[in-house]
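Report on the structure given below.
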Amino acid sequence: MSIKVKLDNGEEAVYPEGTTCYDLYREKTADNKELLAVLVDGKECDLGQPLPDKSSVALVGFDTPQGADIYRHSASHVLAHAVKRLYPNVKLGIGPAIENGFYYDFEFEEPISSDDLKTIEKEMKKIVKERNQIRRREMSRKEALELFEERDEPYKVEMIKELPEDAVISCYEQNDFIDLCAGPHLPHTGMVKAFKLTSLAGAYWRGSEHNPMLQRIYGTAFPTKERLQHYLDMLEEAKKRDHRKLGRELELFSLHEEGPGFPFLHNNGNVIWQKLTDFWREEHRRAGYEEIKTPLILNRTLWEQSGHWDHFREDMYFTSIDEQDYAVKPMNCPGAMLVYRNKMHSYRDLPRRIAEMGIVHRHELSGTLHGLMRVRSFTQDDAHIFMLPDQVESEVAGVIEMMDLFYSVFGFDYRVELSTRPEKAMGTAEMWDKATDILEKVLVDKNIDYRLNEGDGAFYGPKIDFHLEDCLGRSWQCGTIQLDFQMPEKFDLTYIGEDGDKHRPVVIHRVIYGSMERLMALLIEHYGGAFPTWLAPVQVTVIPVTDRSHEYAGEIYEQLRNAGLRVTIDQRNEKVGYKIREAQLKKIPYMLVVGDKEVESVQVAVRHRVEGDLGTESLETLIDRVKKEIREKSI
RNA sequence: GCCGACGUAGCUCAAUGGAAGAGCAGCUGAUUUGUAAUCAGCAGGUUGGGGGUUCGAGUCCCUUCGUCGGCUCCA
């Protein structure tokens, strides 16, 4: 008798009856060293079990979608195993695979420090050497509870109790270690070839600050030492793009103890800022926006009316003027509401798109501050669109298109999220559902992939968020479109409809850059400090070879300035190589070397920061080239 | 805010509890230089702040501020 199985490459294979998963696995690993696991009908098979007839079998390598996760998940078990051996009384939390690695949460009797990671790594290596078979065990809820109660694992017990009624409860066992886990896993611990524990951090149990804080050990694992090293090298390389480092080196901005979370923008950074806002104004004008500016400090009554007093107070700064309470604005919306309400509106006036580069202050928790990415004072490229209910879809769609236009110019990849009603929310469930449905419909109609973020909306409405990644792959929210049926009520906003009656407009709040500060940080990291010419603080630098050519170099410099370019001249008493090195480090796009030859031929020798020596050409040609690059915003 | 770590010259980093140093940057001078670092000299510090232990503290302890990595939160 024989059985038929279908392999994931479409092949059908015939095996003698009684062939086990492990037999199949061994046969396949003979010609595929990186093979990690065998899945039968989408589930990991118990290795000793015979293959069922007519099953479909998937061979999982490290580079398949599940592969890395299985591999790193097993690595996290090896970590937990090692920790349990070294600290028998440690309580286990959870230990999943994550992008590029894994972590495991523990409650230690005495907190460990990062020095202890080395000892733990050593113990992990032992466990790998032991090649412990990893076995799956399914059990009843009662058995599982008894097992983990006996082993004194309160967090595991809590998890089991909260598993759904019909859940299959499985554990994975390797030697003297056992963990509650859905799996799947590698066949044995010896397969975890190359790993490294990378950091130690605190993490609240189940992510809630009301729960105890556990210690989380982060690590990463790869199938070979080379790939691990390659990854670690990449991380090192990525750190060179860190905007905090480049911001200092390129004199873009600075941060000071005197104002934690309140960044200082220097001239170079400010040039970039100005160019970003110029571009922004031009596109908003084109898209039919008006632009306003509202005060930083406004009376308490306004914040009570807007709901911020009740919903956002802990994040706000306060002051008092003439014995009255005032607040520094944490958002621009109430100001925009007052502007709208300042006159009567006809339905013919709508949509009214009111933009504002608004500076807001928020008292963020000290531990969350992060360079320019997360600050306490930032400028939002805000806009509020006041519209008729039936204009919502097209306006949201218009904003999404604008979002894509801006991000494309910078060459950003982005991820979209839809966030729904939070716990602390204003308004009825019906209103929320209606608003959420509209946003969802636009995303679906535009065929945009998005992730649902339950309960993550603003207190006044659901939102679509746009996320960008920093140099280390951490994701930051930039653009957001927030639908709001609340503010119009709170501020009693109206328009006169076709029927001559007063009606309620709908409002969307939206930002595209998000905050200028965060955008700057992301751009710095995205370009590694080498800004495209249209944004570069200095676009061209003139490098005279000797002081014989200073006069000619000075003329070149003046002509470039007159052409509207941002240009410097390096007349220091240094060698050409030295000046070029410095210009390269400053990441100036164009270097013009002028010596006796150029004076003679009335030309410039052009060097590009990436392409190197481009040879000589006339200044006019060079200016045309640079201007074209600026006009086209070439990356 | 919470957990862990770290704060020494503008920057990157040294210094068993026993005389605060180096490289780069800066300044001065020499050198007139051709596509990523010319040479020499000079100057640069209440070792984040405050308190304590000690004959003696950059080093050990407490406290405070800031920064970093996370958690939570969020543009």
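Residue numbers begin at 1 in each chain, while the letters A, B, ... track the order of the sequences. Worth knowing before you read on, the calculation uses all heavy atoms, side chains too, and leaves out hydrogens, waters and symmetry mates.
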Separation of Ile112(A) atom CD1 from rG69(B) atom P, in whole Å? 20 Å
Could you give the CZ-to-P distance, from Arg374(A) to rU67(B), as a whole number of Å? 13 Å
Can a side chain N or O of [X] be found less than 4.0 Å away from OP1 or OP2 on [N]?
X         : N       : value
Tyr578(A) : rG34(B) : no
Arg474(A) : rG69(B) : yes
Lys239(A) : rC68(B) : no

Sugar-phosphate, base or nothing in reach of [X], heavy atoms under 4.0 Å:
X         : value
His370(A) : sugar-phosphate
Glu258(A) : nothing
Lys597(A) : base
Glu249(A) : nothing

Under 5.5 Å and under 30°: Phe378(A) stacked on rA75(B): yes
Any ion pair linking [Y] and [X] (charged N to carboxylate O, less than 4.0 Å)?
X         : Y         : result
Lys579(A) : Glu582(A) : no
Lys118(A) : Glu121(A) : no
Arg451(A) : Glu417(A) : yes

